[in-house]
There are 2 protein chains.
Amino acid sequence: MSVVGQGQRIFLDLTQQLRSGELKPGDKLPSERFLAESYHVSRATLRDGLQRVADQGLIYRANRRGWFVAPPRVRYQPAIEPNFHQMVSAAGGRPKTQTLEKRIVPATATIAAMLDVDENTLVFYLRRLRYIDDRAVCCAESYVRADQVPGLLDCNTDGSMTEIYQQQFNKTYGKIDIQLYPTALNQQIAEALLTVEGASALLIKRLNKGLDGQVIDYELEWWCHDAITVCFSGGV
Amino acid sequence: MSVVGQGQRIFLDLTQQLRSGELKPGDKLPSERFLAESYHVSRATLRDGLQRVADQGLIYRANRRGWFVAPPRVRYQPAIEPNFHQMVSAAGGRPKTQTLEKRIVPATATIAAMLDVDENTLVFYLRRLRYIDDRAVCCAESYVRADQVPGLLDCNTDGSMTEIYQQQFNKTYGKIDIQLYPTALNQQIAEALLTVEGASALLIKRLNKGLDGQVIDYELEWWCHDAITVCFSGGV
DNA sequence: GAGTGGTCTAGACCACTTC
DNA sequence: AAGTGGTCTAGACCACTCT
């Protein structure tokens, strides 16, 4: 099977154009109908090719807006550098955080177990969007123990939570447990990220403890998979 | 936009069947034509629905063989437990490793930089397949410094490399640096994993150093994304 | 309002797996 | 040999974005 299909041909050609710099980060690709015609394929086949490029993280799709060239991935070291703004700035990008929602909610069984509190204990819930260069790349849901950082909801949460914890409550992260799942976006998250339901994503679950070993918060981060490279170390 | 499309309807229904246990891990789904007819949709739409389920990691596609129910993910802690056989056994699965290729090759610029040797230095190259319960879930390419473990290629590499290092060469891993990319499979790897070019995958790059800080090997692991949950810790 | 992307149909042909 | 998945076509209609 060394025959190259049409979808693969388009993938190879676009990949080449992207690597050679003919297309630059942030550029919008021509319309699907135009591209399909230039490759002499049907729109379905063209979209297959585009999807392959997107799976590699070289382009991404903005819902109903078209296909765009993805910027280089940002190095994300969740175990040692949980500060989004510092991370993006260091990589030469413009970070932004927008709080979509902050409420007090009763802990579900799952959340209660993670936070090490009783079910239905009231906890803070935050939903925030992370931007790099005006593109929403991450939607983060945080469940925070109210007893650890009372009054959190009165703070401006459009910056770094670690800074708030430290400056307002004198709390610093100790151990951080991280789980990582390649998965797909549900409708709500997809909408927030201006992309489509089912778009492939990286789900990072973080359980953050204080220096005293007590759980501070539990976070679900839904990342556009093309935006980051996750890095960490182990061993001695 | 609260209208649920056909693809999504199929996704929801199959997800429900999988969670309820009507379909069990390893089961083959009915043929696409049969499913399309039962949902009263075209094959293209049916495949869209199947793809969404696969993106969640609940089913997977075996090239030309059909769609199968995926077993639960195995916890993979690359930073502290690099032993595949132990990991899978602990999770109740049957692990297997098959060496596809072992050769001596000159280091390319990239590989030389990672291994901290001169370009074109001769290094060991291994390509191995990892199985869980007879399903190939990972294709691993290793570049090993010959000066660290001379004679490695004469060993049976169908087991754990860390054990060989330790028992034959008295070498133990010290620091491990890990990078993680959600990406898509190329043709060669896809073929080895009995899946299709472009299937979404998790690429894990590991740089393994000895206790003396010298690089021992550099490994590229291509994982079927549904097979594992990556876990690690950080902080104090 | 024009153009575009999102979704879907109803076929087709081939190569491969399975029986 | 039959059935299946892999790939592709040539349309269609709608809802949304863009200008």
Side-chain angles (χ1 to χ4, degrees), chain A residues 1-13 27-55 59-69 134-136 184-187 190-191 193-200, chain B residues 1-13 27-55 59-69 134-136 184-187 190-191 193-200:
Chain A
M1 247 294 273
S2 66
V3 180
V4 170
Q6 298 295 308
Q8 185 65 9
R9 197 192 93 217
I10 292 164
F11 164 76
L12 292 171
D13 186 78
D27 284 358
K28 183 180 185 307
L29 300 192
S31 81
E32 295 182 358
R33 285 171 176 83
F34 175 87
L35 285 172
E37 205 163 329
S38 27
Y39 283 112
H40 302 291
V41 296
S42 68
R43 237 180 103 203
T45 303
L46 185 268
R47 281 172 69 100
D48 177 63
L50 288 172
Q51 186 57 55
R52 292 183 190 218
V53 184
D55 288 340
I59 62 176
Y60 64 92
R61 188 149 63 124
N63 192 22
R64 292 206 166 272
R65 288 167 187 81
W67 301 82
F68 296 83
V69 181
D134 295 320
R135 174 191 174 202
L185 295 177
N186 62 33
Q187 201 258 333
E191 202 166 297
L193 294 178
L194 290 185
T195 180
V196 292
E197 196 166 8
S200 96
Chain B
M1 242 297 272
S2 66
V3 180
V4 169
Q6 298 296 308
Q8 185 65 9
R9 197 192 92 217
I10 294 164
F11 164 75
L12 292 171
D13 187 79
D27 284 358
K28 184 181 183 309
L29 299 192
S31 79
E32 295 181 359
R33 283 173 178 81
F34 175 87
L35 285 172
E37 205 162 332
S38 27
Y39 283 110
H40 303 292
V41 296
S42 69
R43 239 181 100 204
T45 303
L46 185 268
R47 281 172 69 99
D48 177 63
L50 289 172
Q51 186 56 55
R52 292 182 191 218
V53 186
D55 287 340
I59 62 175
Y60 64 91
R61 186 148 67 123
N63 194 22
R64 291 204 167 275
R65 287 168 188 81
W67 301 82
F68 296 83
V69 181
D134 295 320
R135 174 190 174 204
L185 294 177
N186 63 33
Q187 200 258 332
E191 202 166 297
L193 293 178
L194 289 185
T195 180
V196 291
E197 196 166 9
S200 95

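Reminder, nothing fancy here: chain letters follow the sequence lines and each chain counts from 1.
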Between the opening five pairs and the closing five pairs of the helix from dG1(C)-dC18(D) to dT18(C)-dA1(D), how far apart are the helix axes, to 10°?
10°
Between dT4(D) atom C1' and Arg61(B) atom CZ, what is the distance in whole Å?
13 Å
Between P on dT7(D) and CD on Glu197(B), what's the gap in Å once rounded to a whole number?
8 Å
Side-chain N or O of Lys28(B) versus OP1/OP2 of dG5(D): is the shortest distance under 4.0 Å?
yes
Determine the minimum heavy-atom distance between Ala184(B) and Gly198(B), stating which atoms define it.
CB-O, 3.7 Å
How far apart are the closest heavy atoms of Thr195(B) and Arg61(B), and which atoms are they?
OG1-O, 3.5 Å
Taking every heavy atom of Leu185(B) against every heavy atom of Leu193(B), the minimum-distance pair comes out as CD1-CD1, 4.0 Å
For Lys28(B) and Gly66(B), work out which heavy atoms get closest and say how close.
NZ-CA, 4.2 Å
Would you please name every residue forming a salt bridge (charged side-chain N to carboxylate O under 4.0 Å, His left out) with Arg43(A), sequence neighbours left out?
Glu32(A)
Integer-rounded Å distance: dT7(D) C1' and Glu32(B) CD:
11 Å
Give the intermediate values and the outcome of side-chain contact (heavy atoms from CB on, under 4.5 Å) for residues Arg135(B) and Tyr60(B).
CA-CA 11 Å; Arg135(B) 174 190 174 204; Tyr60(B) 64 91; 3.4 Å; yes
What is the distance, to the nearest angstrom, from the CH2 atom on Trp67(B) to the P atom on dT17(C)?
17 Å
Using atom CZ of Arg9(B) as one end and atom P of dC8(C) as the other, report the distance to the nearest whole Å.
9 Å
Yes or no on side-chain contact (heavy atoms from CB on, under 4.5 Å) for Tyr39(B) and Asp13(B), after CA distance, side-chain angles and deciding distance?
CA-CA 10 Å; Tyr39(B) 283 110; Asp13(B) 187 79; 2.6 Å; yes
Expressed in angstrom and rounded to an integer, what is the separation of Gln6(A) atom CD from dA12(C) atom P?
20 Å
Nearest heavy-atom contact between Gln6(B) and Val41(B) is OE1-CG1, 3.5 Å
Less than 4.0 angstrom between a side-chain N/O of Asn63(A) and OP1 or OP2 of dG6(C), yes or no?
yes
Please report, rounded to the nearest Å, how far the C1' atom of dG5(D) is from the CG atom of Leu194(B).
14 Å
Between Arg65(A) and Asn63(A) (side chain of the first, backbone of the second, donor and acceptor by atom type, cut-off under 3.5 Å), is there such a pair?
yes
Select base, sugar-phosphate, or nothing to describe what Arg33(B) touches, counting heavy atoms under 4.0 Å on all strands.
base
Strand contacts (DNA chain D) in residues 34-52 of chain B, 4.0 angstrom heavy-atom criterion
Arg43(B), Arg47(B)
Rounded interatomic separation in angstrom, taking CZ from Arg64(B) and P from dC16(C)
6 Å
Scan Arg65(A) against the nucleic acid and name what it touches under 4.0 Å (heavy atoms): base, sugar-phosphate only, or nothing.
sugar-phosphate
